[in-house]
Protein chains: 2
Amino acid sequence: MLSDVAKLAGVSTATVSRVYNEPDKVSANVRERVEHAAVTLNWFPNAAGRALASTRSHIAGIIIPTLDDQVFASQVSGMQAAFAARGITLVLGCSNYDPAQALVQVRAMLARGAEAMAVVGEAHPPELFDALRLYRVPYAVTYAYREDSPHDCIGFDNFAAYVQMTEHLIGLGHRSFAVCLQPTRDNDRVQARVAAIRATLERHGLAVRPEHVCEGESTIGFGRRSLRSIWQAPCERPSAIICGNDHIALGVLREAEELGIEIPGELSVTGFDDLEISKEIRPTLTTMRVDTYEIGRLTAQHLLDILDGKRPQHGHEVRALLEIRESTGPAPNAHAGDARLQR
Amino acid sequence: MLSDVAKLAGVSTATVSRVYNEPDKVSANVRERVEHAAVTLNWFPNAAGRALASTRSHIAGIIIPTLDDQVFASQVSGMQAAFAARGITLVLGCSNYDPAQALVQVRAMLARGAEAMAVVGEAHPPELFDALRLYRVPYAVTYAYREDSPHDCIGFDNFAAYVQMTEHLIGLGHRSFAVCLQPTRDNDRVQARVAAIRATLERHGLAVRPEHVCEGESTIGFGRRSLRSIWQAPCERPSAIICGNDHIALGVLREAEELGIEIPGELSVTGFDDLEISKEIRPTLTTMRVDTYEIGRLTAQHLLDILDGKRPQHGHEVRALLEIRESTGPAPNAHAGDARLQR
DNA sequence: TTGTAAGCGTTATCAA
DNA sequence: TTGATAACGCTTACAA
């Protein structure tokens, strides 16, 4: 331990500590001796002792729904890299989309003395945010961005993104829509997307038929089943399907091929996330892209700024980019004028 | 802090500590008073103090190359869940395939007092394993499994898997091969796969032409570029391409469609990992599946067993399952007999 | 620039 | 079953 190093180097424990925490307050000569002693004894500072004495844990936490989703994995990756560069260890918790688990994880991280926290979305128990405030731990909500959010947030505006997507289709002359989404429960991002679709359609005097709303797991299989059920429904078929992400959209595309539905001739399809495969399959998928690694990096930066005593902005908005590709086109029986409107 | 709780409950600090660590050594009556006091004061044990006094950090670490790859993300997920169930926090480090970074991360985790560690693969600096041994931290190598490994390992036999894959193609009558792999440098798993392909072909008196070996990033784009260059090479074209994973194979399939190469009629293609999309695209992709979440879970379990003082086996082998699908078929000019041989 | 010594918030030993 | 008290390994006033 430290005192052994001190003894071997012939200095006090305070000096050894300084060598690692305020190196320039130690003369080069002494510093070298200490470093040599440390190497000899194969010593490095013990984090627990350090945390206890300095009341700084050098730990930050992030709670995500699941690592199975690439968008969250890359966000963690971005945060991890940015924090590591500042000597802060990132601790990860997965809630599995369960608010109760998220709360437990946050408490565990507070017990660990996390100095900063990030949570995905705002759909969490109030106790979660209460705890964060009570212990004065700076935190940020990620992946979602709202001007008027009570929390600092770093992400994109899910509502605005789906307005844009819906307007794109309306501009192409579409008037009959279906939506296939991942579970909306406890998920404010998905809820915002649904709301955006509804609001945008409503503005044009349109609405989605209940038979044309599918909610289920975020998989290709769900996308396939959804299209099948939509196509079999005893009502007018939609000319466009808006999906909650690329996985689901990929499933819709695959099933369309199977059912002999022409895309985009007969049906337009949109996704979200812009997976690598989405621009490679035929037809290529119209989707939106968000730099989730950057969200992670910015989040870490934001929290570091707060720890540094800077008073950063309310958050950061990251842009969601619409990538128009082959899977969307003019509605089958649209007036030429309609389709041209927004092009 | 704890002493406040003790005061409020009218007991000693030792008793408060017991309530949380050895609850049944405390009378129900006293326990209740303490718990009530803790809730009132909104107190929970501080991990640093705890770690210092008990010399147990309740932290475990894992070093993976990158979170961008689903197989590592799900392994982390499996470990995290298993450790969390035992009150152990998992700390994550990404090496970005850089051995030096891996070493730094391991040291950082040792400083944090990690009680157990997992690292992906064995291609690490000796100092890394030396450090782990020096500090007597139980560890396991994951994602790779060798009977005769000096380390405990949990994963699958990369060599055996690619032998099986290569034999599958040879059984189909293929005699001319190409391989498209992710970077082999500092990656023992990929190296084992190359070795397996070479050894298996050699056993049949075959070898891969240098022009037919492509090494590059693990992307669809690399797969596409590789097939193009292989197809343009001024030598006999291969009848089968073995890819290092599904991403690369997906790229090969896409480029084949573009180039008008018939699959599997003209060319057989294989991947590895069995992504969800691989059984959905046309033609469906022949590949191998490994349960990486399970690898993570087993790794955590193995390390927990060691911490519990059990002396578990040398490791666990997880099976890699060959999924034969549409992208592989008989070699174009194979004798009927050849193709039947291994069917 | 360096040293002394008092904590930091728990757990663990021993005694009661 | 409970309590007193000395660690645990480091940081940080304060003093020299």
Side-chain angles (χ1 to χ4, degrees), chain A residues 1-38 41-59 87 89 107-115 135-137, chain B residues 1-38 41-59 87 89 107-115 135:
Chain A
M1 42 187 250
L2 185 142
S3 57
D4 297 330
V5 175
K7 206 173 296 170
L8 181 59
V11 300
S12 71
T13 60
T15 300
V16 176
S17 175
R18 281 191 206 102
V19 167
Y20 290 86
N21 297 306
E22 315 165 286
D24 28 59
K25 287 195 175 175
V26 178
S27 70
N29 157 21
V30 171
R31 199 187 315 147
E32 248 167 54
R33 252 164 48 215
V34 168
E35 279 165 352
H36 180 78
L41 294 177
N42 230 305
W43 175 88
F44 43 69
N46 167 306
R50 217 179 170 175
L52 202 51
S54 65
T55 57
R56 285 213 47 191
S57 66
H58 297 272
I59 280 181
T89 299
R107 292 207 166 122
M109 291 183 182
L110 290 175
R112 288 235 165 262
E115 297 181 28
Y135 292 93
R136 307 180 170 288
V137 171
Chain B
M1 41 188 249
L2 184 143
S3 58
D4 298 329
V5 175
K7 205 173 296 169
L8 181 59
V11 297
S12 71
T13 61
T15 300
V16 175
S17 176
R18 279 190 208 103
V19 168
Y20 290 86
N21 296 305
E22 316 164 284
D24 27 60
K25 286 195 175 174
V26 179
S27 68
N29 156 21
V30 170
R31 197 188 316 147
E32 248 168 54
R33 251 163 51 214
V34 169
E35 278 165 351
H36 180 77
L41 295 177
N42 230 304
W43 174 87
F44 43 69
N46 168 306
R50 219 178 168 177
L52 200 51
S54 65
T55 59
R56 287 213 45 190
S57 65
H58 297 271
I59 280 182
T89 299
R107 292 208 166 121
M109 290 184 183
L110 290 176
R112 287 234 166 260
E115 297 181 28
Y135 292 93

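A, B, ... follow the sequence lines: proteins, then strands. Residue 1 opens every chain.
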If you measure from CG on B:Leu41 to NE2 on B:His36, what distance do you get to the nearest 0.5 Å? 9.0 Å
Using a heavy-atom cut-off of 4.0 Å across all strands, would you classify A:Thr13 as base, sugar-phosphate, or nothing? base
So how far is it from A:Lys25 NZ to A:Thr15 OG1, rounded to the nearest 0.5 Å? 12.0 Å
Distance col, row B:Arg56:CZ vs B:Asn21:CG, nearest 0.5 angstrom, shows 10.5 Å
Under a 3.5 Å distance rule, please check whether B:Arg31 uses its side chain to pair with a backbone N or O of B:Val19 as donor and acceptor. no
Starting from P on C:dC8, measure out to CG on A:Asn46 and report it in whole angstrom. 18 Å
Rounded distance in Å - CZ (B:Arg56) to C1' (C:dG9): 18 Å
B:Val16 near the nucleic acid: base, sugar-phosphate alone, or nothing, with a heavy-atom cut-off under 4.0 Å? nothing
Round to a whole Å and report the spacing from CG of B:Leu52 to P of C:dC8. 13 Å
Value rounded to 0.5 Å, distance of OH in B:Tyr20 from CD in B:Glu35: 6.0 Å
From the list A:Leu2, A:Leu8, A:Asp4, side chain to side chain contact (heavy atoms under 4.5 Å, CB included) partner of A:Trp43 resolves to A:Leu2
First-last contacting nucleotides on DNA chain D - partner chain A, under 4.0 angstrom, heavy atom: D:dG9 to D:dA13
Rounded to whole Å, please give me the gap between CG in B:Asn21 and C1' in C:dG9. 13 Å
Base, sugar-phosphate, or nothing: which does B:Tyr20 touch, judged by heavy atoms less than 4.0 Å apart? nothing
From CD of A:Glu32 across to P of C:dT1 the rounded distance in Å is 16 Å
Which is true for A:Ser27 with a 4.0 Å heavy-atom rule: it touches a base, it touches only sugar-phosphate, or it touches nothing? sugar-phosphate
Just verifying a value: how many Å separate A:Ser27 OG and A:Arg33 CZ, rounded to the nearest 0.5 Å? 7.5 Å
5′-ward residue of the pair A:Ala14/B:Val11 relative to DNA chain D: B:Val11
Among C:dC8, C:dT2, C:dA12, the one nearest any side-chain atom of A:Thr55 is C:dC8
